[in-house]
**Student:** 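This is the structure I have questions about; it appears just below.
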Amino acid sequence: MMPRFPDCFPAANTEGLVYPAEYENFEWTTSFFSGMLWLLYEHTGDPVYRPILQKHLESFYERVEAPGSLDTHDLGFLYSLSCYPAVLLQKDPRAEACFLKAAQALRSRYFPQAGIIQAWGNLGDPQNRGRMIIDCLLNLPLLYQAARLTGDRSFWEMAYCHAKQAQKHLVRPDSTTYHTFYMDVDTGEPRFGRTAQGYSDSSCWARGQAWGVYGFALSYRHTGDRSFLDTSCKLLDYYLERLPEDGVCYWDLHFTQGSEPRDSSAAAIVCCGILELLKHLPLTHPRRMAYEAALNRTILALAKGYTTWNLPQADGLLLHGVYSKPDNRGVDECTIWGDYYYIEALFRLLYGSCDYWY
């Protein structure tokens with residue numbers, strides 16, 4: 001892919017298994033290619049990755065200053081996978097300054113009365129005002145890390161409060177999850193749950209459940225709140241109960257058989273979530289062996305049946321991903337985040353207890 005994207009980014013999903021190029025850094029997904037290159041650079045030391053990574057960094061430096069380009073909660077995805085590796089691996093002060101500007105922008109989306117970070121749109125948007133989504137759990141490490149870098153605990157407190165509200169309102173009593181949930185930002189009262197990408201408001205969107213498994217485990221890492229670890233396990237248990245025979249989920253966990261599309265990207269995210277969980281669960285945990293078996297089963301299923309290794313025309317890694325089934329977008333294609341989390345899972349397996357960018 002590197003010769004095709006020397007100064008641009010792969011789109012969010014392939015079209016006919018080939019990623020279109022995006023020449024403007026505006027999507028929530030542009031950092032996943034950067035993240036893959038950082039992982040490869042970290043573990044090979046090969047300087048071939050550096051010129052493209054530097055161009056990516058310049059693009060993210062420009063984006064953080066562009067009016068309107070940060071009106072999203074996805075700043076963690078964007079800057080944890082692009083600038084934070086440069087901070088960790090190279091002590092790059094410009095990357096750190098950019099990373100902290102992104103953290104400030106994410107902090108500005110926090111409503112203290114409701115204790116949440118608004119997901120989409122400007123804060124006055126009536127359609128999205130007070131809306132949090134399960135994906136945001138993967139953006140919270142931006143705030144946890146900003147607290148560590150600056151010593152300003154308010155970053156940590158906002159991330160922690162949002163995670164607790166997500167735990168309370170996005171997670172249902174049966175350990176399924178809403179994709180999105182609305183809060184009254186003036187009174188702090190909960191309103192209602194909705195889906196944007198799931199089968200229905202009451203179903204359990206598979207990628208959302210995967211974000212929950214991984215995201216709550218990450219919040220446990222940064223806070224030590226044991227309830228996050230317990231919630232991650234409960235979400236994982238439900239996910240594992242709804243898997244088809246080969247261990248790779250359908251796009252919504254409402255489905256356990258039939259011809260509905262699978263979502264390999266959700267499976268890859270869950271693998272990373274299990275690997276994070278296993279770092280924290282005691283060896284005597286009653287479900288530990290089941291989680292290890294599920295991890296092995298899923299990784300092998302992805303490697304054997306869902307990769308493009310014998311399709312030279314493809315430049316994605318994981319087949320049979322789904323961006324948005326209701327929108328008929330990126331259905332049965334490669335997704336750039338699916339490719340990233342598959343690589344992250346493989347590197348975690350190869351190198352043991354690695355913290356990476358979260």
Side-chain angles (χ1 to χ4, degrees), residues 1-44 46 48-49 51-53 55-56 59 77 81-82 197 206-207 210 243-252 259-272 295-350:
M1 293 173 66
M2 288 170 60
R4 290 195 54 225
F5 304 101
D7 54 3
C8 56
F9 301 92
N13 57 265
T14 58
E15 297 176 6
L17 304 184
V18 175
Y19 283 109
E22 289 186 348
Y23 290 92
E24 294 185 21
N25 188 343
F26 67 94
E27 273 279 12
W28 68 276
T29 57
T30 48
S31 60
F32 288 110
F33 187 45
S34 306
M36 286 189 273
L37 298 183
W38 277 117
L39 285 173
L40 290 163
Y41 175 68
E42 179 191 8
H43 292 294
T44 66
D46 192 332
V48 69
Y49 302 107
I52 293 181
L53 283 169
K55 289 179 180 178
H56 286 192
S59 177
F77 284 125
L81 298 179
S82 59
Q197 295 193 36
R207 194 160 78 247
L243 292 182
E245 186 175 349
D246 73 350
V248 177
C249 59
Y250 287 90
W251 69 278
D252 192 292
S259 59
E260 289 290 324
R262 305 298 183 91
D263 187 4
S264 59
S265 74
I269 295 163
V270 165
C271 287
C272 292
L295 171 66
N296 293 336
R297 176 190 181 197
T298 305
I299 284 287
L300 287 172
L302 291 175
K304 291 181 177 180
Y306 288 77
T307 58
T308 59
W309 67 273
N310 62 345
L311 298 171
Q313 77 277 18
D315 57 16
L317 282 176
L318 279 187
L319 297 165
H320 310 308
V322 174
Y323 189 141
S324 176
K325 180 63 163 57
D327 298 324
N328 195 32
R329 180 178 180 184
V331 177
D332 199 21
E333 292 281 357
C334 306
T335 65
I336 196 66
W337 63 87
D339 291 352
Y340 168 80
Y341 285 109
Y342 181 60
I343 287 183
E344 183 187 305
L346 294 179
F347 274 113
R348 281 175 171 262
L349 284 166
L350 283 169

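Remember, predicted model here, so these are calculated numbers, not experimental data.
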**Student:** If we only count heavy atoms from C-beta on, is the N13 to T29 side-chain gap below 4.5 Å?
**Tutor:**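 No. Closest side-chain heavy atoms not under 4.5 Å.
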**Student:** Under a 3.5 Å distance rule, please check whether E333 uses its side chain to pair with a backbone N or O of G16 as donor and acceptor.
**Tutor:**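 Yes, because the side chain of E333 sits within donor-acceptor range (under 3.5 Å) of the backbone of G16.
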**Student:** Do D252 and E260 make a side-chain contact, defined as non-hydrogen atoms from C-beta onward lying under 4.5 Å apart?
**Tutor:**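 A side-chain contact is absent here, since even the closest heavy-atom pair is not under 4.5 Å.
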**Student:** For the residue pair P261 and V331, what are the closest heavy atoms and their distance?
**Tutor:**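 Shortest heavy-atom contact: CG-CG1, 3.7 Å.
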**Student:** Check Q197 against P326 and note the closest heavy-atom contact, atom names and distance.
**Tutor:**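 Smallest interatomic distance, heavy atoms only, reads O-CD, 3.3 Å.
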**Student:** Kindly state whether the ring of F9 and the ring of F32 have centres lying under 6.0 angstrom apart.
**Tutor:**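 Not under 6.0 Å, so no.
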**Student:** For the atom pair CZ (R348) and CG (L295), what is the distance rounded to the nearest 0.5 Å?
**Tutor:**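 Rounded to the nearest 0.5 Å, the CZ-CG separation comes out at 10.5 Å.
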**Student:** Under 3.5 Å, sequence neighbours excluded: what are the donor-acceptor pairs made by side chains of residues 310-319?
**Tutor:**
unit_1, atom_1, unit_2, atom_2, d
D315, OD1, Y19, N, 3.0
D315, OD2, R4, NH1, 2.1

**Student:** So, do V270 and T298 sit near enough that their side-chain heavy atoms are less than 4.5 Å apart?
**Tutor:**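 Side chain of V270 against side chain of T298, heavy atoms only: no contact under 4.5 Å found.
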**Student:** Do L37 and M2 have side chains that approach each other closer than 4.5 Å (heavy atoms only, starting at C-beta)?
**Tutor:**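 They are in side-chain contact.
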**Student:** In Å and rounded to the nearest 0.5 Å, what is the CG to CG distance from L300 to D246?
**Tutor:**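 Reported to 0.5 Å precision, the distance equals 12.0 Å.
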**Student:** Return the minimal non-hydrogen interatomic distance between G338 and A268, and the atom names on each side.
**Tutor:**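 Closest pair (atom of G338, atom of A268, distance): O-CB, 3.9 Å.
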**Student:** Check whether any side-chain heavy atom of W337 lies under 4.5 Å from a side-chain heavy atom of I269, and answer yes or no.
**Tutor:**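 They are in side-chain contact.
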**Student:** Relative to each other, are the rings of H320 and Y306 parallel, tilted or perpendicular (30° and 60° limits)?
**Tutor:**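 Rings of H320 and Y306: perpendicular, over 60°.
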**Student:** Is the closest side-chain heavy-atom distance between S265 and V322 below 4.5 Å?
**Tutor:**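 Counting from C-beta outward, S265 and V322 never come under 4.5 Å.
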**Student:** Looking at every non-hydrogen atom in both residues, tell me the closest pair between A12 and R329 and how far apart they are.
**Tutor:**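 Reported closest heavy-atom pair: CB-NH2, 4.4 Å.
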**Student:** Can you check whether L40 reaches F347 side chain to side chain, under 4.5 Å on heavy atoms?
**Tutor:**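 In contact.
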**Student:** Tell me the closest heavy-atom pair linking F26 and T30, and the distance in Å.
**Tutor:**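 Of all heavy-atom pairs spanning F26 and T30, the closest is N-CG2, 4.4 Å.
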**Student:** How long is the straight-line distance from CG of D263 back to OH of Y250, given to the nearest 0.5 Å?
**Tutor:**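 Here the rounded value is 13.0 Å.
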**Student:** Supply the atom-to-atom distance Y323 OH to R207 CZ, rounded to the nearest 0.5 angstrom.
**Tutor:**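 With rounding to 0.5 Å, OH (Y323) is 7.5 Å from CZ (R207).
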**Student:** Just so I know, are the side chains of K55 and I52 near enough to count as touching, which here means a heavy-atom distance under 4.5 Å?
**Tutor:**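 Side-chain contact under 4.5 Å: no.
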**Student:** Can you name the closest pair of heavy atoms from A210 and A266 and give their distance?
**Tutor:**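 Scanning both residues, the minimum pair turns out to be CB-O, 3.5 Å.
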**Student:** Can you establish whether the number of heavy atoms outside N328 located under 6.0 Å from its atom CG is more than 12?
**Tutor:**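 No.
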**Student:** Centroid separation under 6.0 Å, is that true for the rings of Y340 and W38?
**Tutor:**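 Not under 6.0 Å, so no.
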**Student:** When rounded to the nearest 0.5 angstrom, what distance separates OG1 in T44 from OH in Y49?
**Tutor:**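 T44 OG1 to Y49 OH: 4.5 Å, rounded to 0.5 Å.
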**Student:** Measure the spacing between SG of C8 and OH of Y23 and express it to the nearest 0.5 Å.
**Tutor:**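 Separation between the atoms: 4.5 Å.
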